[in-house]
Number of protein chains: 2
Amino acid sequence: MTAPRTQIARAEVLCRERGVRLTDQRRRVLEILCAAGRPVGAYEIMDAMREGPRVVAPPTVYRALEFLLEQGLIHKIESLHAFVGCDHPEHPHSSEFLICLECGGVAELKDDAVERSLASVTRESGFLPRRRVVEVMGICARCARKEACRRKEEAERSPGPVD
Amino acid sequence: MTAPRTQIARAEVLCRERGVRLTDQRRRVLEILCAAGRPVGAYEIMDAMREGPRVVAPPTVYRALEFLLEQGLIHKIESLHAFVGCDHPEHPHSSEFLICLECGGVAELKDDAVERSLASVTRESGFLPRRRVVEVMGICARCARKEACRRKEEAERSPGPVD
DNA sequence: GGTCGGCACGTTATAAGATATCATGGCGTC
DNA sequence: GACGCCATGATATCTTATAACGTGCCGACC
Ligand SMILES: [Zn+2]
Ligand SMILES: [Zn+2]
Ligand SMILES: [Zn+2]
Ligand SMILES: [Zn+2]
């Protein structure tokens, strides 16, 4: 994962290069997303922005999110109605996400095999792809380990019926 | 695509086998989804149900949808906030969808390559997958053909500037 | 310098999607 | 006939997202 500061700096550069404006509101939304390092809903972003100088309304947040999505600086996680900062915004892309049901963490993949297989199956059916949504819900490695430990300890303490 | 009638009949059998009840409300929702042959939102389903004997409220629809999802008789399309009947409900599964931005049509895939590549990349990172969401937005073959024809005719009528 | 147009943002209201909570009623068990 | 389970009814509320219209800044152009 990239440090939030770095992400903002990179975004500044990219926007300048592209001749688009990373305004205060837009930067603020991006900062909140990058600092969180996890998916954040639009209204949660709004609440976070209220901490700042002025109160904002939903359209303000959604407009900033729309801009950041267009510029490929963030992604939307459809299955969570939430947004995350992108780790590799240089070339806007669709991406794959692993979403932990336990801790809520999200990992952004960039897997050629998945992309290739999707590309080939769409091509076969004459379908022209524009945007991919690939989200896998499950248990992340860390939570799986934790769970395994918990179970083991429990078993040692009371070696009763095992399920 | 399977005929709506067949789909309902199959659902009846499956539910009986599994010892769960495909009640009137649940069957009605499934019928609406199968008859539509495209993604339908919960509130649209609700409106369709109002045509029938009694008025229903959102929880009724959502409860029916929850049941049908659990039984693998329908799928939810996350990026559309909508639901579709499943073409192969015998073995509940995650599936891949091709969604046309032009006509709104949805095709349910069942592609081993996509599944395998996803499985391998998750396994590598120690992630335990539970549910997959794979939705590709784009232009379906039919709409692409139509669009191509339209362009060609236009070009023949006025062979002006070509883009 | 004035005016015009585009863009970002503010403000209010509302649409669209989803759930919490409690009540009712059928139906099989004991 | 009392009890418990399950599906549904009914009401309210919550969350997510957008529509519509107004204001102010800023650079382009005359
Ligand atoms: Zn990314
Ligand atoms: Zn986790
Ligand atoms: Zn299916
Ligand atoms: Zn189409």
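All chains are named by letter (A, B, ...) in the order of the sequence lines, taking the proteins before the strands, and each is independently numbered beginning at 1. What you are looking at is a predicted structure, and each value in this text was computed from that prediction instead of being measured.
- Counting heavy atoms from C-beta on, the side chains of A:D87 and A:Q7 come closer than 4.5 Å.
- With hydrogens and angles disregarded, no donor-acceptor distance shorter than 3.5 Å links the side chain of B:R27 to the backbone of B:I8.
- Distances shown here put a side-chain N or O of B:T60 below 4.0 Å from the OP1 or OP2 atom of D:dG9.
- In this structure a side-chain-to-backbone donor-acceptor pair under 3.5 Å is present from A:T122 to A:L118.
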Sugar-phosphate or base contact per nucleotide [nucleotides 11-24 of chain D; S, B, -; heavy atom under 4.0 Å]: B----BBBB-----

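- Taking each heavy atom of A:A82 and A:P39 in turn, the nearest pair found is CB-CB, 3.7 Å.
- Under a 4.0 Å N-O distance rule, the pair A:E90/A:R10 qualifies as a salt bridge.
- Between A:F97 and A:H75, the ring centre distance stays below 6.0 Å.
- Screening residues 118-134 of chain B for salt bridge (Lys or Arg N to Asp or Glu O under 4.0 Å), with sequence neighbours left out, gives B:E78-B:R131, B:E96-B:R132, B:E115-B:R132.
- Using a cutoff of 4.0 Å between basic side-chain nitrogens and carboxylate oxygens, B:E66 and B:K76 are not scored as salt-bridged.
- With a heavy-atom cut-off of 4.0 Å to chain A, the contacted part of DNA chain C has its first and last nucleotide at C:dA8 to C:dT12.
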